[in-house]
Amino acid sequence: MTECNWWLMKSEPDAYSIDQLEEDRSTLWDGIRNYQARNFMRKMKKKDKAFFYHSNCKLPCICGLMKIEETHIIDPTQFDKNSKYFDPKSNKSNPRWDCVKVSFAEKFHKELSLQQLKGLYTGEQLIIVKKGNRLSITPVNQIIAKDILKKVNSNF
DNA sequence: GCCAACGTTGGC
DNA sequence: GCCAACGTTGGC
(Lines give C-alpha, C1' and ligand atoms only; values in the text may rest on other atoms or scores of the structure.)
Protein backbone atom coordinates (compact mmCIF):
# COMPACT_ATOMS: atom_id res chain seq x y z
CA MET A 1 0.00 0.00 0.00
CA THR A 2 1.42 3.34 -1.00
CA GLU A 3 1.46 6.18 1.50
CA CYS A 4 -0.43 9.36 0.69
CA ASN A 5 1.13 12.78 0.23
CA TRP A 6 0.79 15.43 2.91
CA TRP A 7 0.09 19.11 2.42
CA LEU A 8 -0.54 22.30 4.32
CA MET A 9 -3.30 24.66 3.23
CA LYS A 10 -3.81 28.12 4.68
CA SER A 11 -7.04 29.93 5.18
CA GLU A 12 -7.94 33.02 7.15
CA PRO A 13 -10.54 31.91 9.70
CA ASP A 14 -12.55 35.07 8.99
CA ALA A 15 -12.82 33.91 5.38
CA TYR A 16 -13.16 30.18 5.94
CA SER A 17 -12.46 28.34 9.18
CA ILE A 18 -12.03 24.73 10.25
CA ASP A 19 -15.38 25.03 12.06
CA GLN A 20 -17.04 26.04 8.83
CA LEU A 21 -15.49 23.07 7.07
CA GLU A 22 -16.68 20.75 9.83
CA GLU A 23 -20.18 22.09 9.30
CA ASP A 24 -19.97 21.90 5.50
CA ARG A 25 -18.22 18.49 5.58
CA SER A 26 -16.54 19.34 2.26
CA THR A 27 -15.71 22.37 0.14
CA LEU A 28 -14.01 23.51 -3.04
CA TRP A 29 -10.64 25.07 -2.23
CA ASP A 30 -11.09 27.77 -4.86
CA GLY A 31 -9.76 31.29 -5.28
CA ILE A 32 -6.09 30.30 -5.35
CA ARG A 33 -4.36 32.89 -7.55
CA ASN A 34 -0.73 32.06 -7.03
CA TYR A 35 1.00 29.87 -9.58
CA GLN A 36 3.27 28.08 -7.13
CA ALA A 37 0.35 27.23 -4.88
CA ARG A 38 -1.70 26.18 -7.90
CA ASN A 39 1.07 23.94 -9.14
CA PHE A 40 1.31 22.21 -5.77
CA MET A 41 -2.45 21.72 -5.89
CA ARG A 42 -2.07 20.10 -9.29
CA LYS A 43 0.23 17.51 -7.74
CA MET A 44 -2.38 16.48 -5.21
CA LYS A 45 -3.93 13.05 -5.44
CA LYS A 46 -7.21 11.73 -4.20
CA LYS A 47 -6.94 10.58 -0.57
CA ASP A 48 -3.95 12.83 0.16
CA LYS A 49 -4.12 14.58 3.53
CA ALA A 50 -3.77 18.29 4.23
CA PHE A 51 -3.25 20.20 7.45
CA PHE A 52 -5.62 23.12 7.87
CA TYR A 53 -3.71 26.25 8.89
CA HIS A 54 -5.43 29.34 10.27
CA SER A 55 -3.53 32.37 9.01
CA ASN A 56 -3.66 36.10 9.67
CA CYS A 57 -5.53 35.75 12.97
CA LYS A 58 -4.99 36.09 16.70
CA LEU A 59 -3.33 32.70 16.99
CA PRO A 60 -1.96 31.47 13.66
CA CYS A 61 -1.89 27.67 13.98
CA ILE A 62 -2.38 24.25 12.48
CA CYS A 63 -5.86 23.45 13.68
CA GLY A 64 -7.09 20.41 11.80
CA LEU A 65 -6.88 17.84 9.10
CA MET A 66 -8.53 17.47 5.70
CA LYS A 67 -8.71 14.80 3.06
CA ILE A 68 -8.37 15.51 -0.64
CA GLU A 69 -11.53 14.21 -2.28
CA GLU A 70 -11.22 15.33 -5.90
CA THR A 71 -8.44 16.92 -7.91
CA HIS A 72 -8.05 18.96 -11.11
CA ILE A 73 -11.36 20.76 -10.83
CA ILE A 74 -11.71 23.94 -12.88
CA ASP A 75 -12.07 26.83 -10.43
CA PRO A 76 -15.53 28.26 -11.20
CA THR A 77 -14.80 31.62 -9.54
CA GLN A 78 -12.41 32.68 -12.32
CA PHE A 79 -15.39 33.00 -14.70
CA ASP A 80 -17.75 34.59 -12.18
CA LYS A 81 -17.82 38.35 -12.71
CA ASN A 82 -19.36 38.80 -9.28
CA SER A 83 -16.60 36.90 -7.55
CA LYS A 84 -13.59 38.68 -6.12
CA TYR A 85 -11.56 35.91 -7.73
CA PHE A 86 -12.84 36.70 -11.23
CA ASP A 87 -9.97 36.62 -13.71
CA PRO A 88 -10.66 38.42 -17.00
CA LYS A 89 -7.48 36.93 -18.46
CA SER A 90 -8.68 33.38 -18.10
CA ASN A 91 -10.87 31.75 -20.73
CA LYS A 92 -13.02 28.68 -20.79
CA SER A 93 -11.12 26.93 -23.56
CA ASN A 94 -7.94 27.20 -21.53
CA PRO A 95 -8.75 27.86 -17.87
CA ARG A 96 -5.90 29.33 -15.89
CA TRP A 97 -6.94 28.26 -12.40
CA ASP A 98 -8.09 25.03 -10.90
CA CYS A 99 -8.77 23.70 -7.45
CA VAL A 100 -9.42 20.62 -5.38
CA LYS A 101 -12.32 19.41 -3.29
CA VAL A 102 -11.45 18.76 0.33
CA SER A 103 -13.38 17.15 3.14
CA PHE A 104 -13.25 17.54 6.89
CA ALA A 105 -11.26 14.85 8.66
CA GLU A 106 -10.49 16.14 12.13
CA LYS A 107 -10.35 19.24 14.28
CA PHE A 108 -7.31 18.97 16.51
CA HIS A 109 -7.97 19.06 20.21
CA LYS A 110 -4.50 20.52 20.64
CA GLU A 111 -3.63 23.17 18.09
CA LEU A 112 -0.04 23.78 17.05
CA SER A 113 0.67 27.51 16.97
CA LEU A 114 3.09 29.06 14.53
CA GLN A 115 5.25 29.95 17.50
CA GLN A 116 5.38 26.30 18.57
CA LEU A 117 6.02 25.17 15.02
CA LYS A 118 8.97 27.54 14.78
CA GLY A 119 10.43 25.91 17.88
CA LEU A 120 9.90 22.41 16.53
CA TYR A 121 10.91 22.62 12.90
CA THR A 122 13.24 24.43 10.54
CA GLY A 123 12.14 26.15 7.35
CA GLU A 124 13.56 23.19 5.45
CA GLN A 125 11.40 20.75 7.35
CA LEU A 126 8.22 22.78 7.24
CA ILE A 127 7.93 25.64 4.76
CA ILE A 128 5.37 27.50 6.89
CA VAL A 129 8.04 28.38 9.46
CA LYS A 130 10.44 29.65 6.81
CA LYS A 131 11.01 33.37 7.14
CA GLY A 132 9.00 35.35 4.64
CA ASN A 133 7.03 32.36 3.43
CA ARG A 134 3.80 33.46 1.81
CA LEU A 135 2.73 30.34 -0.02
CA SER A 136 -0.81 29.36 0.80
CA ILE A 137 -0.31 25.72 -0.18
CA THR A 138 2.85 23.74 0.51
CA PRO A 139 3.90 20.11 0.65
CA VAL A 140 4.69 18.57 4.05
CA ASN A 141 7.35 15.92 4.43
CA GLN A 142 5.83 12.63 5.55
CA ILE A 143 8.04 12.26 8.60
CA ILE A 144 7.17 15.78 9.73
CA ALA A 145 3.50 15.11 9.06
CA LYS A 146 3.55 12.04 11.30
CA ASP A 147 5.35 14.05 13.96
CA ILE A 148 2.74 16.80 13.82
CA LEU A 149 -0.04 14.23 14.19
CA LYS A 150 1.67 12.92 17.33
CA LYS A 151 2.12 16.42 18.75
CA VAL A 152 -1.56 17.28 18.39
CA ASN A 153 -2.74 13.90 19.72
CA SER A 154 -4.47 13.20 16.47
CA ASN A 155 -6.86 10.26 16.36
CA PHE A 156 -5.90 9.80 12.79
C1' DG B 1 0.37 50.06 10.69
C1' DC B 2 4.97 48.32 9.42
C1' DC B 3 7.73 45.84 6.53
C1' DA B 4 10.13 41.77 4.41
C1' DA B 5 9.66 38.80 0.75
C1' DC B 6 8.05 37.74 -3.27
C1' DG B 7 5.01 37.83 -7.54
C1' DT B 8 3.21 40.56 -11.44
C1' DT B 9 3.14 44.06 -14.88
C1' DG B 10 4.64 46.77 -18.51
C1' DG B 11 7.96 49.86 -20.80
C1' DC B 12 12.07 49.53 -23.17
C1' DG C 1 15.04 39.57 -21.34
C1' DC C 2 15.78 43.29 -17.92
C1' DC C 3 14.14 45.83 -14.21
C1' DA C 4 11.55 49.45 -11.76
C1' DA C 5 7.20 50.14 -9.91
C1' DC C 6 3.53 48.29 -7.79
C1' DG C 7 0.56 44.85 -5.35
C1' DT C 8 -0.11 41.08 -2.00
C1' DT C 9 0.70 38.16 1.92
C1' DG C 10 0.95 37.57 6.62
C1' DG C 11 3.62 37.76 10.97
C1' DC C 12 4.58 41.02 14.30
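None of the values given here were measured: they were computed from a predicted structure.
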TODO: State which residues pass salt bridge (charged side-chain N to carboxylate O under 4.0 Å, His left out) with A:Lys146; sequence neighbours excluded, sorted by chain then number.
DONE: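 A:Lys146 satisfies salt bridge (charged side-chain N to carboxylate O under 4.0 Å, His left out) with A:Glu3 only.
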Spacing between [X] atom [atom1] and [N] atom [atom2], to the nearest angstrom:
X	N	atom1	atom2	value
A:Leu114	C:dG10	CG	P	11 Å
A:Asn34	C:dG10	CG	C1'	13 Å
A:Ile62	C:dG11	CD1	P	12 Å
A:Tyr35	C:dT9	OH	C1'	17 Å
A:Gln115	C:dG11	CD	P	12 Å
A:Leu59	C:dG11	CG	P	10 Å
A:Leu117	C:dG10	CG	P	15 Å
A:Leu135	C:dT9	CG	P	12 Å

Give the residues of residues 123-131 of chain A touching DNA chain B, defined as any heavy atom closer than 4.0 Å, sorted by residue number.
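Within this stretch, A:Lys131 sit under 4.0 Å of the strand.
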What is the minimum heavy-atom distance between A:Gly31 and A:Thr77, and which atoms define it?
->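 It is N-OG1, 4.0 Å.
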* Are any of A:Lys10's side-chain N or O atoms less than 4.0 Å away from OP1 or OP2 of C:dT9? ->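 Checking A:Lys10 against C:dT9: no side-chain N or O falls below 4.0 Å of OP1 or OP2.
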Q) Can a side chain N or O of A:Lys89 be found less than 4.0 Å away from OP1 or OP2 on B:dT9? A)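 Indeed, a polar side-chain atom of A:Lys89 lies that close.
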Any heavy-atom pair between the side chains of A:Ser55 and A:Leu114 that's under 4.5 Å?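 No, side chains not in contact.
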**Report entry** Note, A:Val152 side chain near A:His109 side chain (heavy atom, < 4.5 Å)
**Finding:**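 No. Closest side-chain heavy atoms not under 4.5 Å.
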Between C:dG10, C:dC12, B:dT9, spot the one nearest the side chain of A:Ser136, thanks.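 Of the candidates, C:dG10 comes closest.
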Q.
For A:Gln115, I'd like to know if atom CD has over 12 heavy atoms of other residues, nucleotides or ligands within 6.0 Å.
A.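 Check fails, neighbour count at 12 or below.
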In the hydrophobic clustering that connects Ile, Leu, Val, Met, Phe, Trp and Tyr at side-chain heavy-atom distances below 4.5 Å, which members other than A:Tyr85 occupy its cluster, ordered by chain and number?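 None; A:Tyr85 is a cluster of one.
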- Query: Quick one: hydrophobic cluster around A:Tyr16, which other residues, with the 4.5 Å side-chain cut-off, linked directly or via members?
  - Reply: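 When side chains under 4.5 Å apart are linked, the cluster holding A:Tyr16 also contains A:Trp7, A:Met9, A:Ile18, A:Leu21, A:Trp29, A:Ile32, A:Phe40, A:Met41, A:Met44, A:Phe52, A:Met66, A:Ile68, A:Val100, A:Val102, A:Phe104, A:Leu135, A:Ile137.
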What's touching nucleotides 3-8 of chain C from the protein side, N or O pairs under 3.5 Å?
from: C:dT8; atom 1: O2; to: A:Arg134; atom 2: NH1; distance (Å): 3.1

Pairs where residues 88-97 of chain A contributes a residue and the test side-chain hydrogen bond (donor to acceptor under 3.5 Å, both in side chains) is met, not counting sequence neighbours:
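Only A:Tyr35-A:Arg96, A:Gln78-A:Ser90, A:Asp87-A:Trp97, A:Asn91-A:Ser93 qualify under side-chain hydrogen bond (donor to acceptor under 3.5 Å, both in side chains).
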Checklist entry - Counting any heavy atom closer than 4.0 Å, what does A:Lys58 reach on the DNA or RNA strands: base, sugar-phosphate only, or nothing? => result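 A:Lys58: no heavy atom of the nucleic acid under 4.0 Å.
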Working to the nearest 0.5 Å, report the span between NZ of A:Lys118 and CG of A:Leu112.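 Nearest 0.5 Å value for the NZ-CG distance: 14.0 Å.
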